[in-house]
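Here's the structure, in structure tokens; my notes come after.
Naming convention: chains lettered A, B, ... in sequence-line order (proteins, then strands); numbering from 1 in each chain. Note: hydrogens, waters and symmetry copies are ignored here, and every other heavy atom, side chains too, is used.
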Amino acid sequence: MENQANTLFSSFDSEEITFFADLILPIPVPKLFTYRVPRGMADDIKIGARVIVPFGKKNGRVLTAIVAKLHNTPPATYQARYINELLDEIPLTTSYQLELFGWISEYYMCCIGEVMNVALPSGLKISSQSKVQFNPDFDYPELLTEFEEVLLTELKKHSALSYEELERLMGEGSNAAAIIKSLIGKKAIIVFEEVREKYVPKMVRKVRLNRNYEEREQLLVLLQRLEKLPKQQEVVMRYLSHVPLQRTPSLNQKGLDKTILNQDDELSQSSLSTLIKNQVFETFEIIQPRFSDNDAGLPQVEIKLTDAQRSASSQIMAQFESQNIVLLHGITGSGKTEVYIDLIQQALNSGSQVLYLLPEIALTTQIVVRLQRVFGDTMGIYHSKFSDNERVEVWKGVVSGQYQFVVGVRSAVFLPFDNLGLIIVDEEHETSYKQHDPAPRYHARDVAIMLAHWQQAKVLLGSATPALETYYQAKQGRYGLVELFQRFGEATLPNITLVNVQQEKKQKTMKNEFSSALLGALEANMERKEQSILFQNRRGYSPYMQCEDCDWTAECPNCAVSLTYHQRDAELRCHYCGHKESVPRLCPTCGSTKVKTIGFGTEKLEDQLQIFFPQSRVLRMDLDTTRAKNAYQQIIQEFEGGQVDILVGTQMITKGLDFDNVSLVGIFDADRLIHFPDFRATERAFQMITQVSGRAGRRAGRQGTVLIQTSNPQQPVLQKVIDNNYKGLYEEELKERQDFNYPPFSRLIKLTIRHTDRAISHQAAQRLAAELTDALGSSRVLGPEEPLVERIRNQFLFDILIKIEREKVNIKAVKTFIQDRINDILTDKGLRQVSIVADVDCL
DNA sequence: AGCACGCCGACT
DNA sequence: GTCGGCGTGCTC
């Protein structure tokens with residue numbers, strides 16, 4: 001009997017299939033969540049579409065999720081909830097992206113929801129707002145306070161109100177939130193979540209002539225009728241001057257921006273309204289793409305390659321026959337961009353999509369304008385300085401096919417491409433391709449390589465100073481290698497000279513931070529009306545403030561670092577947590593007046609330049625001067641304009657900037673770059689110094705000059721910079737890396753353990769390190785070790801570094817093992833409040 | 001992540 | 001005696 005019933009029911013079920021969807025939710029929980037698909041949604045729901053789901057105990061909390069899987073297996077241990085709403089008929093994410101999300105979460109040891117969170121522009125995640133409504137079933141079983149009555153009366157006047165609206169209606173300080181709370185308790189009101197898309201298309205109001213007047217005779221009649229109304233006639237004439245519908249009548253349907261017609265005076269505005277009222281004109285609204293205007297006026301330019309560039313381009317194409325990844329090693333100023341453009345055009349002509357990745361700072365108008373001249377509005381731009389609405393438009397433009405080509409930063413690897421033919425990673429060695437703080441801690445170059453792999457696209461990595469790892473792959477034959485060792489046009493590489501600061505100090509020829517050699521060169525350069533760039537990789541005025549009489553140094557109360565003195569704002573600042581305090585006039589411990597600044601940053605250099613060269617114009621470019629939205633652009637444009645003599649900056653001036661008139665580069669404190677306590681310090685120093693030097697003498701004319709101030713000119717890396725000897729540096733570094741089993745011979749995973757109590761942090765780190773050493777061996781596990789800055793925001797840090805060789809090890813299994821050990825610790829009673837972060841392929 | 005539930009200090 | 005602190009556990 002029972003059996004029969006079951007069969008009956010299951011056959012019944014199979015006809016009315018119940019659908020379930022496994023969803024990616026934007027939360028840091030390492031799994032998918034299963035929801036029921038409402039019957040009416042079953043036909044339309046697709047993998048990759050966004051849905052809205054209720055989540056958590058509190059009824060009303062909703063999240064935007066992505067459909068990862070559709071099936072009909074009910075979950076065994078719980079009752080699945082229903083999906084609320086389907087947002088996309090056409091999925092906004094491709095199957096490639098879902099595969100990519102999965103790969104990233106596995107490889108970089110994070111949750112898939114965290115990947116979704118950084119991948120989707122927040123405009124594609126819906127926002128929900130709590131709204132309050134009068135409960136129609138409420139029949140006053142309880143007494144209400146006076147305030148509650150007032151609020152209820154307000155609510156009855158409206159269908160629903162938000163907390164903010166109620167607050168406003170009730171008056172300032174009315175404590176509406178508390179009243180709402182008590183009314184909820186009395187069941188007098190209902191709270192619900194109103195969900196809406198954040199993305200709002202930009203609408204433009206347009207006008208066009210009524211259809212009747214599109215014909216010539218009718219139009220003449222109209223104009224005649226308006227003879228006596230000159231103002232109205234003028235408006236019509238103005239419209240006709242913008243829309244020549246005599247020649248092309250179809251133009252009328254596109255209409256004209258309303259603002260163009262009533263630009264100047266109020267009279268024409270009222271005339272226009274009259275004309276609209278009399279149905280001569282009609283108004284309508286259209287969606288205006290946010291990018292459409294930007295490039296309208298740019299003339300299309302054809303790119304001509306030099307022989308060297310043409311040869312590089314065809315070598316790359318030839319290598320793509322047998323390699324999926326090619327490294328273009330081209331010296332600074334060799335004109336790699338033209339080679340890229342040539343390859344991009346070829347890829348686009350073959351009908352596939354192209355992605356061009358650049359580090360944030362290099363993605364200025366300089367490069368964008370150049371590309372727009374060639375590709376016009378088929379090119380999308382994906383930049384973190386763009387608004388969310390703009391990013392959603394690029395996203396949708398990629399889905400719709402409007403943008404076959406996108407130039408963008410790190411996060412552009414998450415765009416919904418489905419037919420990539422070519423990915424270019426420019427300035428491939430740039431560390432800003434690695435995301436540091438929120439998970440996923442991904443490297444855009446490596447993600448790009450995976451993305452290309454799935455879509456059978458080719459990858460071109462470009463750099464004047466390739467990452468050691470990349471060059472190694474090329475040397476091993478796993479990547480192709482093409483070299484471009486000739487500067488563009490007549491230009492030659494700059495002449496690099498070392499300036500011995502120790503010696504000048506002895507001879508007393510230093511003026512503050514400036515050697516006489518550098519001052520002389522700056523002066524001569526200004527006389528020639530040529531521009532100079534000065535590089536010091538430290539912002540602020542000085543990194544220390546110290547008392548000469550006692551040992552007191554200004555320190556951050558929350559972090560284990562000294563405070564940096566910022567003269568412009570007359571304050572001491574912590575560069576780790578943002579703590580600020582005023583500058584003490586007297587030493588806080590001994591009361592001495594001899595409180596001095598020690599060391600120098602960009603601000604101090606800027607200051608001293610004004611003293612040495614009062615006539616000169618100096619600009620500073622660092623984090624502090626580029627906070628504002630368009631600050632980069634402004635500084636770069638101003639410097640390009642030529643009214644500025646000297647640009648002082650931190651590493652952000654090293655990245656791909658291209659100025660015609662710069663012939664001198666000065667580098668301060670090269671020693672600090674070289675002696676940074678990190679196994680990559682030499683490589684970094686070489687890259688940084690070579691890159692800044694490359695800003696000099698980029699156009700034919702005079703050879704550029706680079707002066708490097710150092711206390712020890714004997715350091716081998718400096719000689720290699722002078723000789724532009726990348727290969728020498730590579731050989732030497734590689735030996736070191738092999739001896740100590742660092743990348744490219746191993747993969748690194750850094751675990752950072754954090755807690756407000758140093759003892760607990762240390763205990764957790766030690767236990768974790770011990771367990772890992774046990775399983776992996778002591779040669780693979782380093783630490784725990786206190787990092788250089790051992791306390792940040794009052795959290796005590798410990799690092800464990802894991803080195804796993806590249807060959808013959810199941811790295812996936814190792815990661816799983818590490819994650820399991822981390823989870824063990826996080827479930828331990830005494831240690832569970834520690835935070836442990838894994839950084840795979842840490843830099 | 002957010003949110004609720006739950007057990008211990010300073011307050012009407 | 002309560003309001004609220006944040007430790008703990010869960011979310012389909």
Side-chain angles (χ1 to χ4, degrees), chain A residues 18-39 41-42 45 47 49-87 98 101 104-105 108-120 122 124-130 163 175 177-182 184-185 191-193 195 198 435 437-441 754-757 759-761 763-764 793-795 822-838:
Chain A
T18 311
F19 266 121
F20 294 90
D22 291 352
L23 306 178
I24 304 171
L25 300 195
I27 50 168
V29 176
K31 60 176 180 183
L32 299 175
F33 287 78
T34 305
Y35 280 79
R36 292 186 87 150
V37 180
R39 205 151 293 168
M41 207 184 277
I45 194 165
I47 288 174
R50 294 173 305 148
V51 291
I52 293 174
V53 293
F55 185 73
K57 289 220 173 72
K58 187 192 162 210
N59 232 32
R61 188 183 172 202
V62 291
L63 294 173
T64 308
I66 295 176
V67 180
K69 217 192 234 174
L70 289 166
H71 58 86
N72 48 23
T73 320
T77 54
Y78 55 87
Q79 185 71 40
R81 292 169 88 173
Y82 275 106
I83 293 172
N84 281 353
E85 211 177 315
L86 175 65
L87 287 176
L98 295 181
F101 288 8
I104 289 178
S105 71
Y108 289 106
M109 298 176 72
C110 67
C111 303
I112 199 155
E114 293 174 308
V115 183
M116 171 187 168
N117 247 339
V118 296
L120 260 63
S122 48
L124 287 180
K125 295 170 234 163
I126 51 93
S127 65
S128 74
Q129 193 184 26
S130 296
Y163 276 59
N175 203 7
I179 303 167
I180 291 168
K181 205 173 164 190
S182 79
I184 295 169
V191 177
F192 65 99
E193 260 349 78
V195 178
K198 271 194 207 163
Q435 168 140 324
D437 199 17
R441 297 173 173 78
R754 242 189 295 161
H755 194 268
T756 45
D757 184 332
I760 292 176
S761 185
Q763 197 193 334
R793 290 171 204 272
N794 281 322
Q795 301 245 302
I822 292 174
N823 293 343
D824 281 355
I825 288 185
L826 296 182
T827 49
D828 184 297
K829 270 260 182 270
L831 303 173
R832 67 175 61 188
Q833 319 93 308
V834 297
S835 102
I836 303 178
V837 163

With 3.5 Å as the limit, what N/O pairs link the protein to nucleotides 9-12 of chain C?
unit_1: C:dG9; atom_1: OP1; unit_2: A:Arg832; atom_2: NH1; d: 3.3
unit_1: C:dG9; atom_1: OP2; unit_2: A:Arg832; atom_2: NH1; d: 2.7
unit_1: C:dC12; atom_1: OP1; unit_2: A:Tyr35; atom_2: OH; d: 3.4
unit_1: C:dC12; atom_1: OP2; unit_2: A:Arg81; atom_2: NH1; d: 2.6
unit_1: C:dC12; atom_1: O3'; unit_2: A:Thr34; atom_2: O; d: 2.9
unit_1: C:dC12; atom_1: O3'; unit_2: A:Arg81; atom_2: N; d: 2.9
unit_1: C:dC12; atom_1: O2; unit_2: A:Thr34; atom_2: N; d: 2.8
unit_1: C:dC12; atom_1: O2; unit_2: A:Tyr78; atom_2: OH; d: 2.3
unit_1: C:dC12; atom_1: N3; unit_2: A:Tyr78; atom_2: OH; d: 3.2
unit_1: C:dC12; atom_1: N4; unit_2: A:Lys31; atom_2: NZ; d: 2.6

- At what distance, to the nearest 0.5 angstrom, does CG of A:Asn84 lie from CG of A:Leu63? 10.5 Å
- So the contacted stretch of DNA chain B, first to last nucleotide with an atom under 4.0 Å from a non-hydrogen atom of chain A, runs from B:dA1 to B:dA4
- Note on the structure: Here the gap from A:Lys69 atom NZ to A:Leu23 atom CG, rounded to the nearest 0.5 Å, amounts to 12.0 Å
- Message: Nearest whole Å is fine: how far is C:dG7 P from A:Leu831 CG?
- Response: 15 Å
- Query: About how many Å separate CG of A:Leu120 and CZ of A:Arg50, when rounded to the nearest 0.5 Å?
  - Reply: 7.0 Å
- Query: What distance separates A:Thr64 OG1 from A:Phe55 CZ, expressed to the nearest 0.5 Å?
  - Reply: 13.0 Å
- So, do A:Val51 and A:Tyr35 sit near enough that their side-chain heavy atoms are less than 4.5 Å apart? no
- Message: Measuring only between side-chain heavy atoms, which start at C-beta, is A:Arg441 closer than 4.5 Å to A:Val837?
- Response: yes
- Task: Give, for atom NZ of A:Lys125 and atom CG of A:Asn117, the distance between the pair rounded to the nearest 0.5 Å.
- Result: 4.0 Å
- Task: Applying side chain to side chain donor-acceptor pair (under 3.5 Å), name anything that partners A:Asn823, two or more places apart in sequence or on another chain.
- Result: A:Gln819
